[in-house]
Amino acid sequence: MITLPTVWLHGAGLSPSTWGGVTTGFSDVMLLALPGHADAARLSEPSVEAFADAVEPMLPDRFALIAHSLGGMVALEVASRHPDRVDALVLIETVATVRAPLGQRLQAFAALHVMRLLGPGVLAHVAGWGQPKAVASHMHEQLSGISQVAMMDTLRAAYAYDARARLKHITAPTLILSGQRSRQITASSRHMATMIPGAACKVLQGGHMLHVESPDLVRNAIEEFLIRDC
């Protein structure tokens, strides 16, 4: 049983319920909704930095921070601001910026335009191509709960953010998890691990929705990391 308080941040267009059974075995769990998601209000000027501002008042004094995708960007911001409070950091399918390399930037740019023209439902359908049935179903269910304007907020925030200069200031023990099918994110994850002091990178079977596709692998990796390093 992990007794260290854990704070979980979901990705763009998702909600706290995305974590499902991954949190089983953790005794003190806080599942937070990012602005514009679930019952959390949108921000007038959305950005990753503003998302971090919004969640900070809810955070405990000391905690492990576990986050996926856009939530991982918010986690990077929080961990770099509060090295005295974040006892451990787990980043799942997270990059420090989507603006490099070029292929990653083009994917993010395409997602913005799909969302602007067609909305969350079509984005869920497109993103679900080639994914396991359970992942495609989960994405459709999750994205149906967010408005187009709120989803645009998150995509624009992610597109503008660049945490590369902050990575050297993160002092928490850090584990970076990526899916073996997410080749660009895996390459970025491995590079990010060289920039965060002492960080480890682990590649697991799955894709971008790693915590949905391989929840047992993700949970076990997190548990082993927290037991060993915290």
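This one's a predicted model, so the numbers in the text were calculated from it and none came from an experiment. Numbering starts at 1 and runs along the sequence shown.
Counting only heavy atoms from C-beta outward, the side chains of Glu213 and His208 never approach each other to under 4.5 Å. Inter-residue side-chain proximity for Val74 and Glu77 is flagged as unmet; no heavy-atom pair is nearer than 4.5 Å. In this structure, Met30 and Leu32 have side chains that are in contact, with non-hydrogen atoms separated by less than 4.5 Å. Side-chain contact between Ser80 and Ile170: present, with at least one pair of heavy atoms (C-beta onward) separated by less than 4.5 Å. At least one side-chain heavy atom of Asn220 sits less than 4.5 Å from a side-chain heavy atom of Glu223. Pro16 has its side chain within reach of His10: a pair of non-hydrogen atoms, C-beta onward, lies under 4.5 Å apart. Looking at Met209 and Met139, their side chains come closer than 4.5 Å, going by heavy atoms from C-beta outward. Contact of the Met192 side chain with the Thr174 side chain is not registered, since no non-hydrogen atoms from C-beta on lie closer than 4.5 Å.
With no hydrogens or angles considered, a side-chain donor-acceptor pair links Gln142 and Ser15 at under 3.5 Å. Side-chain N/O atoms of His68 and Thr94 include no donor and acceptor closer than 3.5 Å. Donor-acceptor pairing under 3.5 Å is lacking for the side chains of Ser17 and Trp19.
No single ILVMFWY cluster, assembled from side-chain heavy atoms under 4.5 Å apart, contains both Ile92 and Val203. Linking ILVMFWY residues whenever their side-chain heavy atoms come closer than 4.5 Å, directly or via other members, leaves Ile146 and Val149 in distinct clusters. Residues Val90 and Leu217 share a single hydrophobic cluster, defined by chaining ILVMFWY side chains whose heavy atoms lie under 4.5 Å apart.
Considering all non-hydrogen atoms of both residues, Leu76 and Ala163 come closest at CD1-CB, 4.1 Å. The shortest heavy-atom contact between Gly71 and Leu9 is O-CD1, 3.7 Å. The minimum heavy-atom distance linking Gly72 with Leu91 is given by the pair O-CD2, 3.7 Å. In terms of heavy-atom proximity, Ala158 sits nearest to Leu70 at CB-CD1, 3.9 Å. Across all their heavy atoms, Phe225 and Ala88 have their closest contact at CE2-CB, 4.1 Å. Of all the heavy atoms in Leu14 and His37, the pair that sits closest is O-CD2, 3.1 Å.
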Check: Do Thr186 and Gln180 pass the side-chain contact (heavy atoms from CB on, under 4.5 Å) test, and can you show the C-alpha distance, the side-chain angles, and the key distance before you say yes or no?
Finding: CA-CA 7 Å; Thr186 293; Gln180 63 182 11; 5.9 Å; no
Item checked: Criterion side-chain contact (heavy atoms from CB on, under 4.5 Å) on Trp8 and Val29, from CA distance to verdict -> CA-CA 8 Å; Trp8 303 69; Val29 173; 3.7 Å; yes
Next item on the list: Output, in order, the C-alpha distance, side-chain angles, deciding distance and verdict of side-chain contact (heavy atoms from CB on, under 4.5 Å) for Leu177 and His211.
Entry: CA-CA 10 Å; Leu177 300 176; His211 64 291; over 6 Å; no
Next item on the list: Given side-chain contact (heavy atoms from CB on, under 4.5 Å), test Thr97 with Tyr161 step by step and report yes or no.
Entry: CA-CA 6 Å; Thr97 179; Tyr161 189 63; over 6 Å; no
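Formation of a donor-acceptor pair under 3.5 Å by the Arg166 side chain with backbone atoms of Asp162 is found in this model. A donor-acceptor pair is defined here as one N or O able to donate and one able to accept, closer than 3.5 Å; no such pair exists between the side chain of His140 and the backbone of His138. A donor-acceptor distance shorter than 3.5 angstrom exists from the side chain of Ser147 to the backbone of Ala150, with no hydrogens or angles considered. When atom types are taken as modelled, the side chain of Ser144 and the backbone of Glu141 share a donor-acceptor pair closer than 3.5 angstrom. Between the side chain of Gln205 and the backbone N or O of Gly179 there is no donor-acceptor pair closer than 3.5 Å. The closest donor-acceptor contact from the side chain of Ser189 to the backbone of Ile185 lies under 3.5 Å.
Note that CZ of Arg164 and OG of Ser188 are 9.5 Å apart. Values are rounded to the nearest 0.5 Å. In this structure, OG1 in Thr194 is found 9.0 Å from CD1 in Ile196, a value given to the nearest 0.5 Å. Separation of atoms CE (Met152) and OG1 (Thr154) is listed at 8.5 Å; rounding is to 0.5 Å.
For Asp84, the salt bridge (Lys or Arg N to Asp or Glu O under 4.0 Å) test picks out no residue, with sequence neighbours left out. The salt bridge (Lys or Arg N to Asp or Glu O under 4.0 Å) check on Arg190 picks up nothing, with sequence neighbours excluded. Every residue meeting the side-chain hydrogen bond (donor to acceptor under 3.5 Å, both in side chains) condition with Ser182, not counting sequence neighbours, appears here in chain and number order: Glu93. Here Arg42 pairs with Asp153 under the salt bridge (Lys or Arg N to Asp or Glu O under 4.0 Å) rule; sequence neighbours left out. Partners of Asp28 according to the salt bridge (Lys or Arg N to Asp or Glu O under 4.0 Å) rule, which considers only residues two or more places apart in sequence or in another chain, do not exist here.
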Considering only distance and modelled atom types, tabulate donor-acceptor pairs under 3.5 Å from the side chains of residues 48-61, sequence neighbours left out.
residue: Asp53; atom: OD1; partner: Arg81; partner atom: NH1; Å: 2.7
residue: Asp53; atom: OD1; partner: Arg81; partner atom: NH2; Å: 3.3
residue: Glu56; atom: OE1; partner: Arg81; partner atom: NH1; Å: 3.4
residue: Glu56; atom: OE2; partner: Arg81; partner atom: NH1; Å: 2.9
residue: Glu56; atom: OE2; partner: His82; partner atom: NE2; Å: 2.9

